[in-house]
Every structure is written in C-alpha cells, then in structure tokens.
Novice: 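After the structure tokens below, expect a handful of questions from me.
Not measured: the values here are computed from a predicted model.
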Amino acid sequence: MSATRGWVRMLICGAVATALYLPALGRPALWEPDEGRYAEIAREMTISGDWITPRNNFVRYFEKPPLAYWLTALSFEIFGKNEFAARIPAAVFSIGQVALIEWFGEVIFGAGTGLASALCLGLSPVFFGFARFITLDPALAFLITAALALFHRASATEGFRSRAAQAQMMGVAALTALGTLTKGPVAIVMVTIIAIVYLIAEHRSRDLTRIPWVACAAVYLAITAPWFVLVSIRNRGFLSFFFLHEHLQRYLSSGEHSWGPWFFVAVVAAGMWPWIFFAAFSRGGFPSRAHLADPTTNARSASSVRFLLIWFATVFIFFSFPRSKLGSYILPGLPPLAILCGLGIVRLTQLDVRQRSRCFGWLAAASLVLATGVSIALAIAVEKQATVHAPATDLIVSVSLMAIGSTGAFVLSRSSLTAVPAIGALAVGVVVALFAGTKAREDAASLDSYRSLARAIEPCVQAGCTLASYHHFVQGLPFYTGVREALVGYRGELAPFGDLPDASGSFIESESKLAELWRDRCVVLIANRRDIGALQRLLAPAPQPIAAEGKKLALTNRADCLR
C-alpha cells in the first residue's frame, strides 16, 4: 500500500508540474540566440533527413551532441514546426525531474520530505523559467539526477554486491550515456566525480573496486559510440573540435558569457527563493524525532545529507571555476538543494507555533527587503532605458507578489496550529509571481526576439529574395522564414566549419559582394538601426525599410515583393 501511495504522490507532483509548465508554452517568440539556434538545428534535421550531422543555418554545427535535437525534431513531426513543439522537450524533462525528486526525497527521508522537495524544485524561479525555455540543460539535469539517484540506491547495498545493485549501476551507465549524448562529457565527469567523492567521504574507498566498471563502460559505449563513430566518419575534424575546442578549451577559456566566481551564488539565491530559506533547517538531516531514536536510520539520514551536499557542491564548484558561464548550467545542482530545502520545511513543522512564526517572520522580512531592492534597481533601469518599461513593471509586480505571499505565510503561521496553511499561502504567492514573470518575458520580446519581423519579410524571402543579415546573425530568422540567412561579414560560432562547400550559401564575405548582390537580385537585408547610414552610402538603389522590430530593421531593394 505504501509503495502504491508513493507512486500516486509522484504522479500527482508530475501532474501539477504539467499544469504549471505547459500553459501558453508556445506563446512567447523564440529568444535570441539560444532558442532560435536549437529550434533551427532540429528543423534542419527534419527537412534534410540527416539526423547524424547537426546543422545551424545549414552550416555543420558540432558544439553539442544530438539527443536534444532529435527529441525536438520528433516533437516537430508530432506537433508541427512551432514554438510549442520546440519547447516541449525541456518542459517534459522538467516535469519528469519534479516527479523524480518527489520519489527520491521520499525514499531517503519520507513522504513529507518528498512532497516538500518537489514543491521547492518545481516552484523555484530559475527551474520554472528554464522549464519553459529551449535549452539543453533541463534534459542534462534530468539525466544526471536520475543517474545519481540510482547510484545512491545502488550504494545502499554494501559493496555493490547484490544483483539489484549491479543492475542499478548498469542503469547509471545508461543514463550517463544519454546525458553525454545531450551535452557532452560533462555528464560522465559530473556523475563520476560525485560518486567517487561520496564513497571516499563515507570511508568506503574499497567499494570503488566493486563497482562493475567494465560492464558499465560497455553499456556507456554501446549507447554513445554509434553516433560518435558515424559523425566522425562523415565529418573530418569533428573529434578534435568537439572534445578539444568545444569542451576542454571552452571550459578553460574566459571568453563569452564571462562572469566572476560569485555568479552562481546570486543565481542560486535568487533562483531558489523563497525555498532556499528553509535549507538552513535541514542541518543534521533528520526529518523527525523518531529518526533520532534509531541509530541506523540516523546514520543513513546523515549519509544521505552528505551525498546531497557533495552533489550540489560539485556542480556549483565545477561550473564556477571557468569565467564562461550561464545561469542554466546550475540546473543539475538544484535537485539536491531542493531536497535539503524540503527537509528543512519538514523540520520546521516540528517547531512550536511561536518558533515557527518567528521563522516565517524572518522570511517575510527578507522577501520584503529583496522586493524593495529589486524594484528600485528596475526603476533605475527604466529611467535609463525606456524600452524596458513594460518587462520591468512585470518583474516588479512579480517580486511584490512573492513578498505578499511570504507576508501571508507569516500571518497564517501565527494563527494556525500547523505549518500547512503558511506553506500553502507561500506556494500560492510564488505561483502567481512566476506567471507574472512569464508576462515579463512576453513584453520583452521586442528586445531580443524577432518573430514579427520574420513574418513581415516572409512573403519576400519565400518569393525568392535572398535573406541576408549585416554584421550579425539573427538565429531565429531561418526557423521562422524557412530559408537560409546569408551573413554579411560575420561568421561567429559558424566559423569552424564555414569554409566547407555546403556552407557557402550561408555567408556573404564582404560588403563589396553585398553591393554586387544588391544590384543584381532581390535582397531582404536585416540590419541594426545604427548601421543604416553606412548601408545607404554602400548600397544602390537606396535601401527601403519594409519592417522593424526592436533594434532591427528589414531593408530591401524591391519593395514590390510584399505585394
């Protein structure tokens, strides 16, 4: 009966996450550059029939492996080529992770902690945001989480000797392999480091020799090797580019997305608020006094807490070391933190009314201070740049609603005998705040997405006009228009394989070539507003604006193409 109820709780958490993550999933335009890039790579797989060699703007693109592209392409076949279909894989992996964390939290600390952990993860702003965004990290985070949860279960059998433990380690290898096919070697590095450090910390170094390494390696290679072999045969230079340039050198370099070592402190603190407040109550790792009376359970709980801390710390440190980092990189580290937050919530329920009320009072005060600080910062941003007025207003509303929810939780904590009403009020406040935040994204579309611009120029480019971009690459345009975007004087991330013959149509190498093309053919040119003066001097006949969105203008030499 208990196992059945566990499955029911897990399914309920998945269903609630589905209700949160799927509504209006396809409404926002593709955000530049990541959403446009990943959607277009998958679209080109469907139209080319080549599922081995990823291409972006029809140029071979080997920065990441293909599993997420395959899933997105499959989604396009089912739902059509649209934003909803492009975002479904990230949403599904996020839904699965919420359900998985409920199960894992319940297995190690009990049903209450499992439900609270799912709540803390599913309603964390950073997790919620990336569940509705096209990127590879939700898939990677799910697979790493599943692999580590399975490893923890296998490690519960002393020495990995049982058949069940051996089978579980085969599962760990399979999940790690799928993670490698999602985002590269980072999956096996993360899982291996966390597993080894945990066993050493538990004074179980000898158990490392009992893990079926050969069998695990066979499973791992059986899943990963076919694609790596095929893509290497078809594309000379792939292996050195993928492993040395894209992963090792990029990890060690401090080029794009350069941030200091404290970047993820801010991301975790803000991205897990308000739930991270409760992590302080998880110290000791015992969800109830009954555990304190049982030395065996006591030791297991402490060991599980150490496992979660090692897991989070490894992800946090690993991605904090290089200067190049994005907020989504921390996603594999959120599940253990969510379980610690959930454990803290359960421990908080054991306090008396006065102690519990004091804790919620501190939370409300911290939330009000945070909301005030964010609102002032956003007001200053609006003063400096009027174009951010609408999204900034939405964000001010969002943080204010979160503060209101925290205040409501404090009020209820003073009048209720249990913590459930207070936690419920907090959760409702967070849900409303998160959906207010989604409106900010839609209102910010003109700042960095170009769906309206693409739809305006689509008749011209579909009629045969060349689509070109001046000194930049608008990655969503090929997805929305269905045609290749010729980049003028720019290669960027397409440079490594841009000299191959099949990539020639994706580039216009010089301004003189553009001027020549402009004289001879119908062209739609996308340019930044600041470049209009230079283009008017370069091009004849004079470019005519036919559409605009944000900082981009669409210019043409044949305005009659719109008729």
Novice: To the nearest 0.5 Å, what is the distance between CD1 on Ile546 and SG on Cys465?
Specialist: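 Separation between the atoms: 8.0 Å.
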Novice: Indicate yes or no for a side-chain donor-acceptor contact from Asp531 to the backbone of Ala527 under 3.5 Å, with no hydrogens or angles considered.
Specialist: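 No: the side chain of Asp531 does not pair with the backbone of Ala527.
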Novice: Pairs in or reaching into residues 450-459: which pass side-chain hydrogen bond (donor to acceptor under 3.5 Å, both in side chains), with residues at least two apart or in two chains?
Specialist: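 Applying side-chain hydrogen bond (donor to acceptor under 3.5 Å, both in side chains) to every pair that reaches into residues 450-459, excluding sequence neighbours, yields Glu83-Arg451.
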Novice: If you look at every heavy atom in Asn56 and Leu494, which pair is closest and at what distance?
Specialist: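 Smallest heavy-atom distance, with atoms named: O-CD2, 3.7 Å.
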Novice: Listed by chain and number, what are the side chain to side chain contact (heavy atoms under 4.5 Å, CB included) partners of Ser398, not counting sequence neighbours?
Specialist: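 Checked Ser398 against side chain to side chain contact (heavy atoms under 4.5 Å, CB included); matches are Ala433, Ala436.
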Novice: Examine distances only and state if a side-chain atom of Glu509 and a backbone atom of Gly489 form a donor-acceptor pair shorter than 3.5 Å.
Specialist: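 Flag not set: sc Glu509 to bb Gly489 has no pair under 3.5 Å.
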Novice: Under the criterion ring-ring contact (aromatic ring centres under 6.0 Å, His included), I'd like the reasoning laid out for Tyr470 against Tyr490: C-alpha separation, chi angles, the key distance, then a yes or no.
Specialist: CA-CA 8 Å; Tyr470 186 71; Tyr490 177 86; over 10 Å; no
Novice: Can you measure from CG (Leu175) to CG (Leu148) and round to the nearest 0.5 angstrom?
Specialist: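 One finds 9.5 Å between CG of Leu175 and CG of Leu148.
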Novice: For the pair Leu467 and Thr481, evaluate side-chain contact (heavy atoms from CB on, under 4.5 Å) and give the outcome as yes or no after the intermediate values.
Specialist: CA-CA 9 Å; Leu467 173 62; Thr481 63; 3.8 Å; yes
Novice: Quick check: closest heavy atoms across Ser449 and Glu32, and the distance to 0.1 Å?
Specialist: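 For Ser449 versus Glu32, the nearest heavy atoms are CA-CG, 4.4 Å.
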Novice: On a heavy-atom basis, which atom in Phe84 and which in Leu22 lie closest, and how many Å separate them?
Specialist: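 Heavy-atom minimum between the residues: CE1-O, 4.4 Å.
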Novice: With a 6.0 Å cut-off on ring centres, are Phe62 and Phe242 close enough?
Specialist: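 Between Phe242 and Phe62, which both carry aromatic rings, the centre distance is not below 6.0 Å.
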Novice: Can Asp448 and Lys551 be counted as an ion pair, charged N to O under 4.0 angstrom?
Specialist: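 No.
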Novice: Calculate, to the nearest 0.5 Å, the distance between atoms CZ and CZ belonging to Phe318 and Phe264 respectively.
Specialist: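 Between atom CZ of Phe318 and atom CZ of Phe264 there are 11.0 Å.
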Novice: Which residue pairs satisfy the salt bridge (charged side-chain N to carboxylate O under 4.0 Å, His left out) criterion with at least one member in residues 225-240, sequence neighbours excluded?
Specialist: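 As it turns out, the salt bridge (charged side-chain N to carboxylate O under 4.0 Å, His left out) pairs with a partner in residues 225-240, which skip direct neighbours, are Asp50-Arg234.
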Novice: Would you check, one step at a time, whether the test side-chain hydrogen bond (donor to acceptor under 3.5 Å, both in side chains) holds for Thr53 with Arg60?
Specialist: CA-CA 7 Å; Thr53 302; Arg60 301 176 195 224; 5.1 Å; no
Novice: Quick one: closest heavy-atom pair of Ala554 and Ile526, and the distance?
Specialist: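 So the two residues come closest at CB-CD1, 3.8 Å.
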Novice: Compare all side-chain heavy atoms of Leu555 with those of Gln544 and state whether any distance is below 4.5 angstrom.
Specialist: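 Leu555 does not reach Gln544 side chain to side chain.
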Novice: Tell me if a side-chain donor or acceptor on Thr176 pairs with a main-chain N or O of Ile188 at a distance below 3.5 Å.
Specialist: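 No, because the side chain of Thr176 does not come within donor-acceptor range (under 3.5 Å) of the backbone of Ile188.
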Novice: Find the distance between CG (Leu136) and CG (Leu140) and round it off to the nearest 0.5 Å.
Specialist: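 Spacing of CG (Leu136) from CG (Leu140) equals 8.5 Å.
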Novice: Enumerate, atom names and distances included, each donor-acceptor pair closer than 3.5 Å involving a side-chain atom of residues 69-81, sequence neighbours excluded.
Specialist:
| residue | atom | partner | partner atom | Å |
| --- | --- | --- | --- | --- |
| Trp70 | NE1 | Trp51 | O | 2.7 |
| Thr72 | OG1 | Ala68 | O | 2.9 |
| Ser75 | OG | Ala85 | O | 2.7 |

Novice: Could you tell me whether the side chain of Ile223 reaches within less than 4.5 Å of the side chain of Leu178, counting heavy atoms only?
Specialist: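 Result yes, sub-4.5 Å side-chain heavy-atom pair found.
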Novice: Please enumerate all residues that pass side chain to side chain donor-acceptor pair (under 3.5 Å) together with Gln97, with sequence neighbours excluded.
Specialist: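 Testing Gln97 for side chain to side chain donor-acceptor pair (under 3.5 Å), a comparison that skips the adjacent residues, returns Thr145.
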Novice: Inspect the contact between Glu493 and Arg37 and indicate whether a charged nitrogen and a carboxylate oxygen are less than 4.0 angstrom apart.
Specialist: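 Here Arg37 pairs with Glu493 in a salt bridge, since their nearest N and O are under 4.0 Å apart.
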Novice: I want to know whether Phe263 and Phe319 have ring centres closer than 6.0 Å.
Specialist: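 Centroid distance Phe263-Phe319: not below 6.0 Å, so no.
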Novice: Starting at OG of Ser375, measure out to CD1 of Ile380 and round the result to the nearest 0.5 Å.
Specialist: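 Separation between the atoms: 11.0 Å.
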Novice: Tell me whether the centres of the aromatic rings in Phe228 and Phe243 are closer together than 6.0 Å.
Specialist: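 Between Phe243 and Phe228, which both carry aromatic rings, the centre distance is below 6.0 Å.
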Novice: Any heavy-atom pair between the side chains of Leu539 and Leu525 that's under 4.5 Å?
Specialist: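 When only atoms from C-beta onward are counted, Leu539 and Leu525 do touch, with a gap below 4.5 Å.
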Novice: Quick check for you: to the nearest 0.5 Å, what is the distance between Cys13 atom SG and Ile95 atom CD1?
Specialist: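 The SG atom of Cys13 sits 12.5 Å away from the CD1 atom of Ile95.
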Novice: Measure across Leu447 and Pro391 and return the closest heavy-atom pair with its distance rounded to 0.1 Å.
Specialist: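 Looking at all heavy atoms of both residues, the closest pair is CD1-CG, 4.4 Å.
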Novice: To check you understand the geometry: which heavy-atom pair defines the closest contact between Leu453 and Glu549, and what is its length?
Specialist: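 Closest approach of Leu453 to Glu549: N-OE1, 2.9 Å.
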Novice: Say whether, by atom type as modelled, one donor and one acceptor occur between the side chain of Asn57 and the main chain of Glu485 under 3.5 angstrom.
Specialist: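 Yes, the answer is positive, given that a donor and an acceptor are paired below the 3.5 Å cut-off.
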Novice: Run Ile396 and Thr393 through side-chain contact (heavy atoms from CB on, under 4.5 Å) and show every step you take.
Specialist: CA-CA 5 Å; Ile396 291 172; Thr393 301; 5.6 Å; no
Novice: Could you tell me whether the side chain of Val428 reaches within less than 4.5 Å of the side chain of Val431, counting heavy atoms only?
Specialist: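 No. Closest side-chain heavy atoms not under 4.5 Å.
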Novice: For the pair Asn528 (side chain) and Arg530 (backbone), establish whether a donor and an acceptor sit closer than 3.5 Å, ignoring hydrogens and angles.
Specialist: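 Not a single qualifying donor-acceptor pair exists.
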Novice: Does a side-chain heavy-atom distance below 4.5 Å link Ser506 with Leu487?
Specialist: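 Ser506 vs Leu487: side chains apart.
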Novice: So Arg55 and Val59, side-chain contact (heavy atoms from CB on, under 4.5 Å) or not? Walk me through it.
Specialist: CA-CA 5 Å; Arg55 290 178 174 83; Val59 180; over 6 Å; no
Novice: side-chain contact (heavy atoms from CB on, under 4.5 Å) between Leu30 and Tyr480: does it pass, once the steps are laid out?
Specialist: CA-CA 9 Å; Leu30 296 180; Tyr480 283 123; 3.3 Å; yes
Novice: Show every donor-acceptor pair shorter than 3.5 Å between a side-chain atom in residues 514-522 and any protein atom, with sequence neighbours excluded, or say none if there are none.
Specialist:
| residue | atom | partner | partner atom | Å |
| --- | --- | --- | --- | --- |
| Trp518 | NE1 | Pro541 | O | 2.7 |
| Arg521 | NH2 | Gly464 | O | 3.1 |

Novice: Hey, does the Lys NZ or Arg CZ of Arg491 hover above the aromatic six-ring of Phe507, less than 6.0 Å from the centre and inside 45° of the axis?
Specialist: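 Verdict for Phe507: a cation-pi partner in Arg491.
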Novice: Does a side-chain heavy-atom distance below 4.5 Å link Leu123 with Leu20?
Specialist: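 Yes; the side chains approach each other to less than 4.5 Å.
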Novice: Does some side-chain heavy atom of Val430 sit less than 4.5 Å from a side-chain heavy atom of Trp273?
Specialist: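 They are not in contact (no side-chain heavy atoms under 4.5 Å apart), so the answer is no.
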Novice: Could you check whether any side-chain N or O of Trp227 sits under 3.5 Å from a backbone N or O of Leu181, counting only pairs where one atom can act as donor and the other as acceptor?
Specialist: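 Not at all, since once roles are kept as given, no pair shorter than 3.5 Å links the two residues.
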Novice: With a 4.5 Å cut-off on side-chain heavy atoms, are Val191 and Val172 touching?
Specialist: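 Answer yes - side chains close enough.
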Novice: Do Glu35 and Arg87 sit within salt-bridge range, that is, some charged N less than 4.0 Å from a carboxylate O?
Specialist: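 Here Glu35 pairs with Arg87 in a salt bridge, since their nearest N and O are under 4.0 Å apart.
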Novice: Do any N or O atoms from the side chain of Lys183 and from the backbone of Thr180 form a donor-acceptor pair under 3.5 angstrom?
Specialist: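 Not at all, since once roles are kept as given, no pair shorter than 3.5 Å links the two residues.
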Novice: Can you label the angle between the Phe128 ring and the Tyr21 ring as parallel, tilted or perpendicular, going by 30° and 60°?
Specialist: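 Judged by the thresholds at 30° and 60°, the geometry between Phe128 and Tyr21 is perpendicular.
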Novice: Assess the side chains of Glu40 and Tyr38: does a donor N or O sit below 3.5 Å from an acceptor N or O?
Specialist: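 The answer is no; no qualifying pair exists.
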Novice: Can any side-chain N or O of Ser510 pair as donor or acceptor with the backbone N or O of Lys513 at less than 3.5 Å?
Specialist: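 Checked: pair present.
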